[in-house]
Amino acid sequence: MPQKTLPTWMTALVLSSASLTTFAQVPAPPDNQILSSAYTGEAYSPYAKRDFPSTVFFGDTHLHTDISMDAGAFGDRLGLDAAYKFARGEQVTASRGGPVRLSRPLDFLVVADHSDNMGFFPDLLAGAPFILSDPTGKDWYNRLKAGEGVGVALEIISLFSQDKFPPALTYSPDSAPYKSAWDKTVEAAEKYNEPGRFTAFIGYEWTSLVKGNNLHRVVVYRDGGDKGGQMVPYTTAAPMGSTTPRKLWEWMAGYEKKTGGEVLAIAHNGNLSNGLMFPMASQSDGTPLDASYVQQRDKWEPLYEATQIKGDGETHPFLSPDDEFADYETWDIGNLDVSEAKTDAMLAGEYAREGLKRGMELQAKFGVNPYKYGMIGSTDSHTSLATTAEDNFFGKHSGAEPSPERMMHPFMATEQGAIMGWQMVASGLAAVWAEDNTREALFDAMERKEVYATTGSRMMVRLFGGWEFEADDLDNREPAFVGYEKGVPMGGDLPQATAGKSPTFMVYALRDAIGANLDRIQIVKGWYDGEKTHEKVYDVAWSGDRKPAADGKVPAVGNTVDVETASWTNTIGASELGTVWTDPDFDPTQSAFYYARVLEIPKPRWSNYDAFRFGVSIPEGAPTSTQDRAYTAPIWYNPKS
């Protein structure tokens with residue numbers, strides 16, 4: 001259906017601090033209708049008894065500082081203090097020089113330095129005697145001092161990826177330098193955590209690599225330093241660590257038992273796992289999938305990182321050939337260190353949409369869905385700078401901070417293929433619907449999956465599912481009240497079907513207050529018919545007077561990007577979109593999931609800004625515009641057993 005422009009009061013519901021222009025295409029209902037639906041008789045003030053999340057908070061759950069050995073070797077010279085100050089909105093000086101600042105502060109941050117060899121790089125850079133006494137350590141030190149840090153970083157990544165990192169240089173988690181690095185990490189989170197204003201989570205990245213295949217997880221703590229400091233992170237090197245996820249989950253259970261605290265894990269974007277992220281038959285170590293695996297993964301991993309600097313991971317054109325928006329910032333050359341080339345057979349085990357589909361199949365087999373996650377985005381920046389805006393992008397690592405050459409410099413290159421600098425993605429952010437900006441409230445929202453991913457934009461999105469939503473519900477003065485009263489939010493499960501009814505979904509979105517207008521809202525459905533899975537993308541709300549084609553697809557919104565000047569105008573699209581949509585193809589006997597994908601109109605990509613500001617050419621093959629987007633956590637339907 002065409003755009004249903006939301007009344008201006010909805011802006012106040014979801015975007016309390018910004019003013020958006022409303023492009024009215026549907027008249028507002030009479031005042032008496034609005035008031036009668038808003039007043040329930042329980043209290044004159046409808047906000048007095050509000051017991052649901054009314055604010056969305058934006059943050060980064062995956063940022064590295066110089067404590068991570070690869071980040072440091074690449075040239076990151078900013079520590080924990082700078083990372084937090086920058087995220088809180090302060091101006092800092094980038095590692096390569098020059099001031100840098102966010103357009104707006106983040107609401108929360110997880111500094112997720114690598115679990116393995118935590119604290120090694122600062123000692124290497126300082127020339128610690130025991131490191132210089134090792135030939136490899138001395139060689140790395142000399143090359144760092146000679147300005148060859150990028151080469152050292154790539155060598156470190158390659159050796160670690162292939163389990164060949166020098167044992168003599170390994171910082172085990174029971175060593176004093178490692179414990180000191182973790183203590184500093186915990187202390188910094190405590191220092192900058194300010195409940196109600198800015199949340200600094202304690203966290204780390206469990207850095208599992210299986211022959212270069214990325215199985216990383218970010219571990220996030222609900223707790224403060226009194227609990228988080230009791231145990232050092234779990235690592236991957238034997239005998240104290242392991243690369244298998246189920247061993248990490250055992251450690252997480254042990255942490256909660258010992259401390260009384262709470263932790264969760266966020267699986268890394270799987271596009272560099274070469275098919276290992278969402279297994280169907282066997283785990284990464286060859287052990288067959290069993291009931292224990294699916295139960296533990298469902299318990300410990302409620303979120304999935306669907307987009308970040310190293311490519312977007314929602315879906316792939318090979319997996320979703322009928323989805324014209326599937327080929328977005330795709331990285332499909334190989335695994336993390338490009339030691340093994342990618343094949344088509346690997347793709348289904350790597351992408352979020354296919355993972356959701358596989359989860360339904362495994363649920364039919366084991367009774368539990370191990371891939372029942374909410375989607376979030378984060379940067380995975382190794383610069384201590386959480387930058388996601390196209391016009392303020394500071395790269396994957398400090399060697400790729402703004403410069404005339406960074407687009408053409410290979411990010412990673414082997415005989416298997418190359419990933420070029422221009423392929424870095426200015427993505428992403430985690431959006432969390434919570435009651436307050438505190439560790440506890442945000443963590444609890446993450447656990448219940450009331451989250452969505454964006455590729456860098458701060459657009460605001462709501463999704464509710466139920467059986468009774470009607471078009472008039474969007475005319476209610478407080479639609480979120482109706483959403484929670486009549487249905488479930490993103491991340492929830494639909495109640496059992498009412499005979500003869502199809503599920504209804506109320507979805508609405510508001511553009512980023514300083515960003516691009518909205519192109520469309522889509523509902524992505526996946527379902528399992530007992531034999532195989534299927535998917536379909538429905539255009540449900542869109543800007544302007546475009547008409548769907550015979551196949552139901554709405555034409556492109558247009559493109560106002562001026563490539564030469566890296567500029568665009570908001571003369572197309574809409575500031576806000578919303579609709580109530582009913583599944584026209586519902587089968588109550590089939591399990592299904594539904595999530596919203598919201599697209600902005602095209603705007604300049606970071607490579608456009610580099611070309612304009614440095615006076616260089618955009619490399620052949622690089623996009624000349626981008627459409628930022630959001631992916632909500634799904635709402636699931638399960639038929640009666």
Side-chain angles (χ1 to χ4, degrees), residues 63-86 92-98 100 111-161 164-192 202-205 207 225 229 232-233 235-237 240-241 380-385 394-401:
L63 180 70
H64 294 269
T65 74
D66 64 345
I67 290 178
S68 291
M69 59 180 176
D70 54 345
F74 273 125
D76 185 0
R77 298 297 178 263
L78 304 184
L80 294 160
D81 286 318
Y84 282 117
K85 288 178 180 179
F86 182 75
V92 302
T93 300
S95 293
R96 291 177 58 134
V100 57
V111 170
D113 281 312
H114 291 301
S115 59
D116 288 67
N117 276 2
M118 187 176 287
F120 166 77
F121 183 79
D123 284 353
L124 172 63
L125 185 65
F130 82 93
I131 291 179
L132 297 187
S133 66
D134 181 271
T136 301
K138 185 174 183 178
D139 174 62
W140 287 347
Y141 175 79
N142 290 336
R143 288 160 61 192
L144 284 170
K145 294 301 182 182
E148 301 172 8
V150 171
V152 173
L154 294 176
E155 184 174 328
I156 287 173
I157 291 171
S158 178
L159 291 172
F160 185 78
S161 297
K164 296 179 180 179
F165 193 86
L169 298 178
T170 298
Y171 277 27
S172 65
D174 60 347
S175 66
Y178 189 107
K179 291 178 179 178
S180 175
W182 180 241
D183 287 344
K184 292 175 182 177
T185 299
V186 172
E187 289 166 5
E190 294 291 87
K191 176 181 177 181
Y192 289 99
I202 297 170
Y204 68 91
E205 183 176 27
T207 314
V232 294
T235 60
T236 66
M240 299 185 69
D380 195 9
S381 169
H382 282 53
T383 61
S384 301
L385 306 172
F394 272 66
K396 165 65 177 177
H397 56 74
S398 295
E401 289 181 8

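For the single chain, residues carry numbers from 1 onward in sequence order.
- Defined by atom type and a distance below 3.5 Å, a donor-acceptor pair is present between the side-chain atoms of Ser68 and Asp113.
- When side chains are defined from C-beta on, His397 does not count as touching Asp76, because their heavy atoms never get closer than 4.5 Å.
- Residues Asp380 and His382 are in side-chain contact: their nearest non-hydrogen atoms beyond the backbone lie under 4.5 Å apart.
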Quiz: residues 119-136 side-chain donor-acceptor pairs under 3.5 angstrom, not counting sequence neighbours:
| unit_1 | atom_1 | unit_2 | atom_2 | d |
| --- | --- | --- | --- | --- |
| Asp123 | OD2 | Tyr171 | OH | 2.5 |
| Ser133 | OG | Phe130 | O | 2.7 |
| Asp134 | OD1 | Thr136 | N | 2.9 |
| Asp134 | OD1 | Gly137 | N | 3.1 |

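- The shortest non-hydrogen separation linking Ile67 to Met118 is CG2-CG, 3.5 Å.
- Asp81 places a side-chain heavy atom less than 4.5 Å from the side chain of Tyr192.
- Closest heavy-atom contact between Phe160 and Thr207: CE2-O, 3.4 Å.
- Contact record, Gly399 with Val150: CA-CG2, 4.3 Å, taken as the closest heavy-atom pair.
- The CD atom of Glu148 lies 12.0 Å from the CG atom of Leu154; values are rounded to the nearest 0.5 Å.
- Residue Trp182 comes nearest to Gly203 through the heavy atom pair CZ3-O, 3.7 Å, listed as atom of the first residue, atom of the second, then distance.
- Considering only heavy atoms from C-beta on, Asn117 stays 4.5 Å or farther from Leu169 through its side chain.
- The distance from atom CD1 of Ile202 to atom CD of Glu190, rounded to the nearest 0.5 Å, is 5.0 Å.
- At a cut-off of 3.5 Å, with distance as the only test, a side-chain donor of Asp70 or His114 sits close to an acceptor on the other residue.
- Take Glu155 and apply the salt bridge (charged side-chain N to carboxylate O under 4.0 Å, His left out) test, not counting sequence neighbours, and it matches Arg143.
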Quick one: do Thr185 and Tyr204 satisfy side-chain contact (heavy atoms from CB on, under 4.5 Å)? Show the steps, please.
CA-CA 9 Å; Thr185 299; Tyr204 68 91; over 6 Å; no
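- How far CG of Leu385 is from CD of Glu401: 6.0 Å, rounded to the nearest 0.5 Å.
- Scored by the salt bridge (charged side-chain N to carboxylate O under 4.0 Å, His left out) test, Asp66 finds no partners at all (sequence neighbours excluded).
- Side chain of His64 to backbone of Thr383: no donor-acceptor contact under 3.5 angstrom is found.
- Contact between Leu63 and Ala83 at its shortest, heavy atoms only, is CD2-CB, 3.9 Å.
- Counting only heavy atoms from C-beta outward, the side chains of Phe74 and Ile157 approach each other to under 4.5 Å.
- Using bins of under 30°, 30° to 60° and over 60° for the plane-to-plane angle, the ring pair Trp140/Phe165 lands in the tilted bin.
- Within the 4.5 Å cutoff, no side-chain heavy atoms of Ser398 are placed close to those of Arg77.
- When every heavy atom of Pro173 is checked against every heavy atom of Pro233, the shortest pair comes out as CB-O, 4.3 Å.
- No side-chain heavy atom of Thr65 sits under 4.5 Å from any side-chain heavy atom of Leu78.
- One distance of note links CD1 of Ile156 with OG of Ser161; it measures 11.0 Å at 0.5 Å rounding.
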